[in-house]
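Values in this document were obtained by computation on a predicted structure and should not be read as measured data.
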Amino acid sequence: LAPMYYLTLILGIVAQHLISQVPIDTFNLILSVLGLTSWFLQFPIGAAWLWTISTMMFFYLCFPALAPRVQRIKLENLRAFALVMYVLQLAIMIG
C-alpha cells in the first residue's frame with residue numbers, strides 16, 4: 001500500500017498546486033507524508049481519499065496495545081463498551 005499511497009499523494013499535491021495555486025500548508029504536508037493525518041483529524045493534501053490509509057496505519061500502531069485490554073473485558077460488558085466507544089468517537093468528530 002505504501003508505494004501507491006505515496007504516488008497518489010505526490011500526484012494529488014502536484015495537481016492541487018497546478019490547478020488551485022493555493023499555498024501548501026507545511027504542517028499538513030508533513031502529516032500527509034508521514035501518514036499521520038488521522039491522528040490530527042486532517043485530510044491528506046491533494047488526495048482526501050487517502051485518509052483510509054492513514055486510518056489503517058493508526059489502527060495497526062494502536063492494535064497491539066489495545067487488543068489485550070479489550071480481551072480482558074467481560075463478554076456481558078462488551079456491547080456496552082462498544083457503544084461507549086462509538087459515542088466517544090462521535091463526540092470527538094462532532095465537536
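- Side-chain atoms of Trp39 and Leu34, non-hydrogen and from C-beta on, never get closer than 4.5 Å to each other.
- For the atom pair CG (Leu31) and OG1 (Thr26), the distance works out to 11.0 Å, reported to the nearest 0.5 Å.
- Expressed to the nearest 0.5 Å, how far CD of Gln42 lies from CD1 of Ile30 amounts to 12.0 Å.
- No continuous path of ILVMFWY side-chain contacts below 4.5 Å connects Leu36 to Met57, so the two sit in separate hydrophobic clusters.
- A continuous path of Ile, Leu, Val, Met, Phe, Trp and Tyr side chains, each step under 4.5 Å between heavy atoms, connects Tyr6 with Trp49, placing both in one hydrophobic cluster.
- Cluster note: Phe43 groups with Trp51 through ILVMFWY side-chain heavy atoms spaced under 4.5 Å, whether in direct contact or through intervening members.
- Contact record, Pro68 with Phe63: CD-O, 4.5 Å, taken as the closest heavy-atom pair.
- Applying the under-4.5 Å side-chain rule to Ile, Leu, Val, Met, Phe, Trp and Tyr, the cluster around Leu11 extends to Met4, Leu7.
- Separating the CG atom in Leu90 from the OH atom in Tyr86 is a distance of 5.0 Å, to the nearest 0.5 Å.
- The CE atom of Met56 lies 10.5 Å from the OH atom of Tyr5; values are rounded to the nearest 0.5 Å.
- Residue Leu18 qualifies as enclosed at atom CG: its count of foreign heavy atoms under 6.0 Å is above 12.
- Using a 4.5 Å heavy-atom cutoff, the side chains of Phe81 and Val70 are in contact.
- Of the listed residues (Leu78, Ile73, Asn77), just one forms a side-chain contact (heavy atoms from CB on, under 4.5 Å) with Leu75, and that residue is Leu78.
- Using modelled atom types and a 3.5 Å distance limit, the side chains of Thr55 and Ser38 yield a donor-acceptor pair.
- The hydrophobic cluster containing Leu1 also contains Leu50, counting ILVMFWY residues as joined when their side-chain heavy atoms lie under 4.5 angstrom apart, directly or transitively.
- Considering every non-hydrogen atom in both Ile45 and Leu9, the closest pair reads O-CD1, 3.5 Å.
- Nearest heavy-atom pair across Ser32 and Pro44 is OG-CA, 3.2 Å.
- Side chains of Ile13 and Leu29 form a contact here, defined as non-hydrogen atoms less than 4.5 Å apart.
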